Amino acid sequence: MAEQLHWQTENGQLSLYGELEQETLLPLWQQHQQLMKQVDIIDVSGLDRVDSGGLALLVHLQQAGLQQGKVPRFTGITDKLRTLIVLYNLQNIIADQC
């Protein structure tokens, strides 16, 4: 069974912790529109594991922010996550900008 996914928002930053996988992302997906109204930075440094479903959600989080007039940036991208981003050719969308 997958570890839980946890998150918190504070001062315009969404911090993600645990495992962002297909099996754990539904609660975040259900709240993403509301969360992204207040988010400028998405901190992924607390993620232990991300699968392709989780990566898709990260892209969607950024798009949701853009639709609300924000330009969400990512911070804390690990080497493992960076490898997945490059594998899916998403480095122009998900870049460690902080």
Side-chain angles (χ1 to χ4, degrees):
M1 185 167 155
E3 180 184 323
Q4 295 252 350
L5 172 66
H6 305 281
W7 64 89
Q8 72 178 35
T9 56
E10 186 175 349
N11 298 324
Q13 180 169 304
L14 171 63
S15 299
L16 302 173
Y17 307 96
E19 296 187 2
L20 183 58
E21 301 178 302
Q22 184 175 351
E23 296 83 21
T24 64
L25 60 79
L26 183 59
L28 180 57
W29 169 256
Q30 292 171 332
Q31 297 181 33
H32 80 280
Q33 289 288 356
Q34 187 66 26
L35 287 171
M36 292 311 294
K37 288 180 181 177
Q38 54 190 343
V39 170
D40 297 307
I41 298 170
I42 303 169
D43 180 6
V44 295
S45 64
L47 291 174
D48 299 319
R49 180 168 153 62
V50 179
D51 70 3
S52 58
L55 185 61
L57 181 57
L58 291 177
V59 171
H60 195 76
L61 288 174
Q62 186 179 51
Q63 292 302 311
L66 290 170
Q67 289 174 351
Q68 296 182 36
K70 298 200 170 269
V71 183
R73 300 168 312 204
F74 289 90
T75 187
I77 296 176
T78 63
D79 289 340
K80 288 166 99 176
L81 180 54
R82 190 176 322 280
T83 298
L84 190 60
I85 291 166
V86 170
L87 183 67
Y88 282 91
N89 197 26
L90 296 171
Q91 56 271 39
N92 290 331
I93 297 170
I94 300 177
D96 201 344
Q97 301 162 334
C98 294

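Just so you know, these numbers come straight off a predicted model, no measurement behind them.
A continuous path of hydrophobic side-chain contacts links Leu90 to Leu87 [ILVMFWY only; heavy atoms under 4.5 Å]. Cluster annotation: Leu25 is connected to Leu84 through the hydrophobic network of ILVMFWY side chains, with a link wherever side-chain heavy atoms come within less than 4.5 Å. In terms of hydrophobic clustering, with Ile, Leu, Val, Met, Phe, Trp and Tyr side chains grouped at heavy-atom distances under 4.5 Å, Leu35 and Val44 are assigned to a common cluster.
The distance from the CE atom of Met36 to the CD atom of Gln31 is 13.0 Å, given to the nearest 0.5 Å. Remark: Leu61 CG to Trp29 CH2 distance equals 8.5 Å, nearest 0.5 Å. Residue Leu5 holds its CG atom at 12.0 Å from CD of Glu23, rounded to the nearest 0.5 Å. Rounded to the nearest 0.5 angstrom, Ile93 CD1 and Phe74 CZ are separated by 9.5 Å. Here CD of Gln62 is found 7.0 Å from CD1 of Ile94. Values are rounded to the nearest 0.5 Å. Rounding to the nearest 0.5 angstrom, the gap separating the OG1 atom in Thr75 from the CD1 atom in Ile41 is 7.0 Å.
Salt bridge annotation for Asp40-Lys70: present, with a cationic side-chain nitrogen under 4.0 angstrom from a carboxylate oxygen.
With no hydrogens or angles considered, a side-chain donor-acceptor pair links Gln68 and Gln33 at under 3.5 Å.
For the pair Thr9 (side chain) and Leu14 (backbone), a donor-acceptor distance under 3.5 Å is absent.
A heavy-atom distance below 4.5 Å is not found between the side chains of Leu16 and Asp43.
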For Gln8 and Gln13, what are the C-alpha separation, side-chain angles and deciding distance, and is it a side chain to side chain donor-acceptor pair (under 3.5 Å)?
-> CA-CA 8 Å; Gln8 72 178 35; Gln13 180 169 304; over 6 Å; no
Residues 47-58, side-chain donor-acceptor partners within the protein, below 3.5 Å, at least two apart:
unit_1, atom_1, unit_2, atom_2, d
Arg49, NE, Glu21, OE2, 2.3
Arg49, NH2, Glu21, OE2, 3.2
Asp51, OD1, Gln22, N, 3.4
Asp51, OD1, Gly53, N, 3.0
Asp51, OD1, Gly54, N, 2.9
Asp51, OD2, Gln22, N, 3.1

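For Pro72 against Leu66, the heavy-atom pair with the smallest separation is CD-N, 4.1 Å.
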